[in-house]
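Structure first, then comments.
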Number of protein chains: 2
Amino acid sequence: MTGLGREGMSECNTRRPVSLLDVAKAAGVSRATASLVLRQSPLVADKTRLRVVEAMQSLGYIYNRGAANLRRNRTGTIGLVLNNIGSPFYSALMAGVDEVNEDGSVVTLVANSVDSPDRQIRQIRRLREHNVDGIILCPAIGSDETLAVELARLDLPCVQALRHVELLGGDYVGADYRSGIEKAVRHLVGSGHRRIVFVGAMALHSAARERNEGFRHATGLHGLEGGLVVAGGPDNVYDVAAFDRLLKTRNSPDAAVCYNDVIALNVMNRLRSLGRQPGRDFAVIGMDNLPQAAGAFPALTTIDTRPHEVGRKAAALLQKRIAQPGLANGEHIIVPPSLIVRQSCGETSAAA
Amino acid sequence: MTGLGREGMSECNTRRPVSLLDVAKAAGVSRATASLVLRQSPLVADKTRLRVVEAMQSLGYIYNRGAANLRRNRTGTIGLVLNNIGSPFYSALMAGVDEVNEDGSVVTLVANSVDSPDRQIRQIRRLREHNVDGIILCPAIGSDETLAVELARLDLPCVQALRHVELLGGDYVGADYRSGIEKAVRHLVGSGHRRIVFVGAMALHSAARERNEGFRHATGLHGLEGGLVVAGGPDNVYDVAAFDRLLKTRNSPDAAVCYNDVIALNVMNRLRSLGRQPGRDFAVIGMDNLPQAAGAFPALTTIDTRPHEVGRKAAALLQKRIAQPGLANGEHIIVPPSLIVRQSCGETSAAA
DNA sequence: TGCCCGATTTGGATCGATCTATATCCGTCG
DNA sequence: CGACGGATATAGATCGATCCAAATCGGGCA
């Protein structure tokens, strides 16, 4: 009763962490005032503020955000759910998110769905338990209404990034894959190519479908002999046998637009194995502009889908949603991609 | 006074989240019992447990870990401080950390120091405020005693990864860069190379110094004409001019061990510009085994430093420290690297 | 002197879980 | 019949901040 029983022996064995109450006592003010100082309130007199700040420093006070969160019902954290945490593409996205978050002093909790809808739901739940204020979600392949139901239940602002699932609705930030592929085809056509193959086609998620559509649309636009498409799948694979066969046909293609850079690099290697020299006998264009594209041989022409920028935009949008939960959502922000011309698409053959 | 004032109109406009108290009331038990159910305590009767679980489900209860943390003084989160969040190398590390964390149902808060000691300290503080249970730190270049002081002040379990700062002491998990470089040199010597250059030498952090030492030691061991070293710096650069000059000397080197894969790829491209064919006229070995190494042309021989495994080990060690804070720390776990032989080091010339 | 008002300060309730010590139940045994 | 003990259940304090309404202070003015 005489002092809460902890005054007795300061600097004793049981090092209890310094709380705001300790600071307040040391500064001779109330908890409430000390709290106001913490939050830079203009209500406290400068003299008092100074005293409190000094007490904080001398005691080595550390702000306990967790305690504050409980009351404020806001944590200053967001969740980022990726399908493949180890991929450079996603780390660029994450870097963008982190940049914006740091400005808003928000921290990022990362989770990996490994493109499994079940894991995805588990991860989202886990993040929710940690009271993230919102999440940025790159939806896993095969996401279905279970996800929509769960998100509704959790009542959590959610921005989709890179891919979007129609039935979720809501906000989305992604690249314009469609126009990206179209740019690539236009460039090749401009360099005199007429037989262009799209390598790595699949329809497992929106980003893939948009690329396919972009290719179909572009070939139509330029009146190319359509239908030169080689199938692909997740994990950066493509149907190598089909590609090989296609190359052996009369009137075989002399240019490829690839689903992404990794496939493009594989295609270049395959071409060499088949005795063709990428960038000279055969033009190759990739997509994503991964770091390895510039260093490849020949340096890979590619469509930069700017994942870093997508990350920035997604984080900013999520911040907006968190700040004003009432607003109608459903915004779609589409980042325009750009074509980075390097050697793999045979600059020289432009004259042909 | 008649029921805390929230019973009156259930399902009304002010959707207060469901708390454990609500669940308890609905199940006709006390908060304490409901809490025991949450934590799978064997103390509750099966009949009761069932009732509580049903109440949770029908009310759509969501566990508020933040509230629990306040009391338990443990959050189930760790911080991961990286120097370059966008790099594939670090994302591999992160993937490893995440794997282990997920098994222990721990979540990762990432922060990016961008190799700036100031930012690094800010990030660590920020993580600490969020009450992470510990951190995995890849110390920034130029980390000094300020960091040591801060870490001591925060009183937080900390495992260093990939690089270590001597004056911090404590736990460390990293690759055996020294022996990795030695393996590379041995392999080249075994293939008949005698004039080997180390490209990208620098001494900005422990991982770099260990590579340098490894090279010095290996050249001594094999009685090579030593001293063939080309300087390097952060951000994957090396002294291109010096490298070019070296190649023009009489008795110029015919093999290079590079600081990392990115530099190795640049070196391969540079060699081609200078009219040499990597993998045939000149052997190149990289370090790290980034995804792009396998896809390069020629496929890059490299030393796999296994960042994913380092991440796993670091996360596991940190969990141990968190579980048993008393234990003396200062463990050094060194992951053995392995040499991945591909085409860039000229398999064929082994016969020469 | 007394009253009013803006500028500060503060007590006490609150967020939602966990922990500790205590209470209750119920069958069994002396 | 009462005591005992194992099995369950619970009340109340607690973690460390924030929020709200109310108290206090200190001049200035009538």
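Chain A is the first sequence line, chain B the second, and so forth, proteins listed ahead of strands; every chain is numbered from 1.
- Side chain to side chain, A:Asp118 and A:Ser116 fail the donor-acceptor criterion of an N or O pair below 3.5 Å.
- Nucleic acid contact for A:Ala68: sugar-phosphate only, since backbone atoms but no base atoms lie under 4.0 Å from a heavy atom of the residue.
- Neither OP1 nor OP2 of C:dA17 sits under 4.0 Å from any side-chain N or O of B:Ser35.
- Electrostatic pairing of B:Glu150 and B:Arg153 counts as a salt bridge here, judged by a charged N lying under 4.0 Å from a carboxylate O.
- Here the side chains of A:Asn64 and B:Asn131 are in contact, with some heavy-atom distance below 4.5 Å.
- Across C:dT9, D:dA9, D:dC19, the shortest atom-to-atom separation from the side chain of B:Thr48 is found for D:dA9.
- B:Leu43 places its CG atom 18 Å from the P atom of C:dC25, with the value rounded to the nearest Å.
- Following rounding to the nearest Å, A:Asn64 (CG) and D:dT14 (P) show an atom-to-atom distance of 18 Å.
- As judged by a 4.0 angstrom heavy-atom cut-off over every strand, B:Ala32 is placed among the base-contacting residues.
- Put simply, A:Ser30 has no side-chain N or O that comes within less than 4.0 Å of OP1 or OP2 on C:dT9.
- In this structure, of C:dA17, D:dA11, D:dA17, it is D:dA17 that holds the atom nearest to the side chain of A:Leu20.
- Listed candidates were C:dT10, D:dG16, C:dA17. Nearest to the side chain of B:Leu38 is C:dA17.
- Nucleotide D:dA17 holds its C1' atom 8 Å from the CG atom of B:Leu70, rounded to whole Å.
- Separating the CZ atom of A:Arg74 from the P atom of D:dC19 is a distance of 11 Å, rounded to the nearest angstrom.
- The side chain of A:Ala45 has C:dT8 as its nearest neighbour among D:dT10, C:dT10, C:dT8.
- Nucleotide C:dG16 holds its P atom 12 Å from the CD1 atom of B:Ile62, rounded to whole Å.
- Counting to the nearest Å, the C1' atom of C:dT8 and the CG atom of A:Asp46 are 12 Å from each other.
- When distances are taken from the side chain of B:Arg39 to each of C:dT18, D:dT10, C:dA17, the shortest belongs to C:dT18.
- Within the 4.5 Å cutoff, side-chain heavy atoms of A:Arg163 are placed close to those of A:Asn83.
- Protein atom OH of A:Tyr61 is 7 Å distant from nucleotide atom C1' of D:dA17, rounded to whole Å.
- A salt bridge links A:Glu309 with A:Lys313: the closest approach of a Lys/Arg side-chain nitrogen to an acidic carboxylate oxygen falls below 4.0 angstrom.
- One can find a donor-acceptor pair under 3.5 Å joining the base of C:dG12 and the side-chain atoms of A:Arg31.
- The nearest whole Å value for the distance from the CZ atom in B:Arg71 to the C1' atom in D:dG12 is 11 Å.
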